[in-house]
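In the text below, chain A, chain B and the rest are named by the order of the sequence lines, each starting its count at 1.
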There are 2 protein chains.
Amino acid sequence: MLGDDQFRKLTAPFLCRLRTLVPLTPHEERFIETLDLPPHVFQAGAHVNKGGSLDFTPWIVGAGWACRLRVLPDGRRQIVSFFLPGDTIGLSEVHHPAIQSTIVAMTDLRLLNSTRLAEAIDRADQSVPNIIQACRMSVIWMQARLLDQILRLGRLTALERMAHLLLELHYRMEDVGLAQDGRFPLPLTQSQFGEALGLSLVHVNRTLQQLRRENLIELRPGRVAILDRERLELLCDFRKPAI
Amino acid sequence: MLGDDQFRKLTAPFLCRLRTLVPLTPHEERFIETLDLPPHVFQAGAHVNKGGSLDFTPWIVGAGWACRLRVLPDGRRQIVSFFLPGDTIGLSEVHHPAIQSTIVAMTDLRLLNSTRLAEAIDRADQSVPNIIQACRMSVIWMQARLLDQILRLGRLTALERMAHLLLELHYRMEDVGLAQDGRFPLPLTQSQFGEALGLSLVHVNRTLQQLRRENLIELRPGRVAILDRERLELLCDFRKPAI
DNA sequence: CGTACCATTGACAGCCCTCAAAGCAGGTGG
DNA sequence: CCACCTGCTTTGAGGGCTGTCAATGGTACG
């Protein structure tokens with residue numbers, strides 16, 4: 001279920017991600033490429049941070065998708081954020097009980113242990129200054145995406161929310177080299193879209209149909225194509241994450 | 001418009017806040033108490049981070065309320081988070097253009113310049129280890145509150161959202177010694193409640209009336225009383241921020 | 001061929017929004 | 001002292017966006 005990523009180097013997305021933030025020295029590129037292979041594998045549906053000493057391990061997503069999830073006692077579920085290939089888990093953002101959320105693998109997942117990276121950051125290792133700078137920027141990006149999510153849920157209509165989320169995912173996949181020509185793998189069910197966007201499954205379905213009717217996207221299970229990015233951005237006031 | 005806080009030491013709330021997180025040494029208490037007085041004053045409605053060199057100054061809120069706000073081109077506004085006395089601005093969380101938001105004073109505001117504190121954190125100053133630890137924890141709390149906001153907007157009904165936010169604000173005011181017996185100053189208009197909770201002004205009004213009818217809160221302009229915290233928490237699955 | 005999961009469609013209800021107007025309190029100036 | 005203004009709160013009516021319930025279809029897999 002890892003799709004096209006299966007045979008790529010698992011460090012490639014993270015390298016892409018860092019290079020969108022800062023230029024790296026050859027030494028730094030090697031530092032990343034040697035980060036703890038082989039990967040730790042979680043199956044779709046597994047909890048990445050539920051019990052065990054792995055709870056506080058910092059990871060880099062090599063392949064597959066995960067999400068941060070909050071569940072209410074009555075069963076309502078809210079997806080807070082997504083982790084895509086090249087994202088860090090528990091490094092730029094935080095593992096802590098106070099966060100009261102679970103990290104769930106949405107597909108089969110290959111994670112790289114980034115403890116060495118975390119240590120380098122902690123002691124401000126002078127041999128990898130750009131990496132440290134990039135990770136600092138990455139904290140900011142992650143925060144900005146949380147604010148995006150708040151804006152979507154608080155102020156956008158269903159149609160706008162869906163468009164806005166698709167654009168965010170597109171940009172993120174493009175950044176790590178996993179989107180070509182507006183097309184990228186999208187392993188979300190409509191129910192999961194609903195959990196992320198605060199909508200019911202049924203309404204997600206109707207919203208997606210509307211986007212298709214207007215020739216803004218193409219969607220088949222597991223894959224999406226952004227047909228008219230500009231019009232889609234206009235529709236939902238999406239602001240390209242500049243700088 | 002600063003209410004009861006007017007004559008308190010402006011560093012008091014921040015000291016309270018830190019002490020809820022870690023114990024401080026006498027040296028550390030003095031370090032806080034000498035943080036750059038007199039305060040920088042913003043009038044209600046002013047933008048704290050809009051243009052000028054003050055943009056990247058890290059602050060501590062001494063008195064008054066502020067919020068982080070996102071505005072859409074068509075005028076829709078979403079309050080992302082609140083800054084209460086004792087909170088930091090641009091220290092635990094981030095000033096950066098990518099965040100695409102404005103920090104607005106909701107009341108007259110007295111801010112302490114915390115550049116000295118920021119520098120102490122940056123160079124890991126060994127004379128104030130507990131303060132640094134507390135600021136690290138504070139980042140986590142701030143993130144947790146963003147997730148709370150996402151949960152409210154994505155999964156709670158209007159009544160639940162309102163209850164949940166009131167409880168959060170109550171706990172935060174209580175932590176910094178500004179709530180007694182469930183009562184605390186609440187300088188929000190119903191319109192601002194709406195901007196924070198993703199509701200219309202009219203619906204905020206009706207929701208507040210419902211909470212009053214059920215004897216859960218008392219509310220008069222500028223001030224609120226939580227009458228039955230336990231029932232209110234039950235109503236919205238509020239989880240006390242433990243640990 | 002049955003099972004399970006996901007996508008799709010229809011009918012209907014309800015939560016919440018918009019529009020509109022009236023009440024209320026504080027501040028200002030005549 | 002009162003008229004007036006301004007900003008906030010309150011109330012009513014009606015509509016629309018979105019949720020819930022229920023059933024059907026499609027596809028992968030055993």
Dump every N/O contact between nucleotides 5-7 of chain C and the protein below 3.5 Å, one line per pair.
| residue | atom | partner | partner atom | Å |
| --- | --- | --- | --- | --- |
| dA7(C) | OP2 | Gln190(A) | N | 3.0 |

Pairs under 3.5 Å (N/O, protein and nucleotides 22-27 of chain C):
none

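Counting heavy atoms from C-beta outward, Gln149(A) and Val80(A) have side chains that stay 4.5 Å or more apart.
As judged by a 4.0 angstrom heavy-atom cut-off over every strand, Gly198(A) is placed among residues touching the sugar-phosphate backbone only. Gly194(A) comes within contact range of no nucleotide atom at all, as no heavy-atom separation falls under 4.0 Å.
Screening Leu235(B), Ile226(B), Val224(B) for a side-chain contact (heavy atoms from CB on, under 4.5 Å) involving Leu211(B) leaves a single residue, Leu235(B).
Ion pairing between Arg70(A) and Asp148(B) holds under the 4.0 Å rule for side-chain N and carboxylate O. Remark: Glu160(A) does not engage Arg155(A) in a salt bridge, criterion side-chain N to carboxylate O under 4.0 Å.
The CD-P distance, from Glu195(B) to dC8(D), rounds to 11 Å in whole Å.
Put simply, Gln192(B) has no side-chain N or O that comes within less than 4.0 Å of OP1 or OP2 on dC8(D).
Heavy-atom distances under 4.0 Å link DNA chain C to Thr157(B), Ala158(B) of residues 150-165 of chain B, given in residue order.
In this pair, His170(B) and Phe184(B) present their aromatic rings parallel. The plane angle is below 30°, not in the 30 to 60° band.
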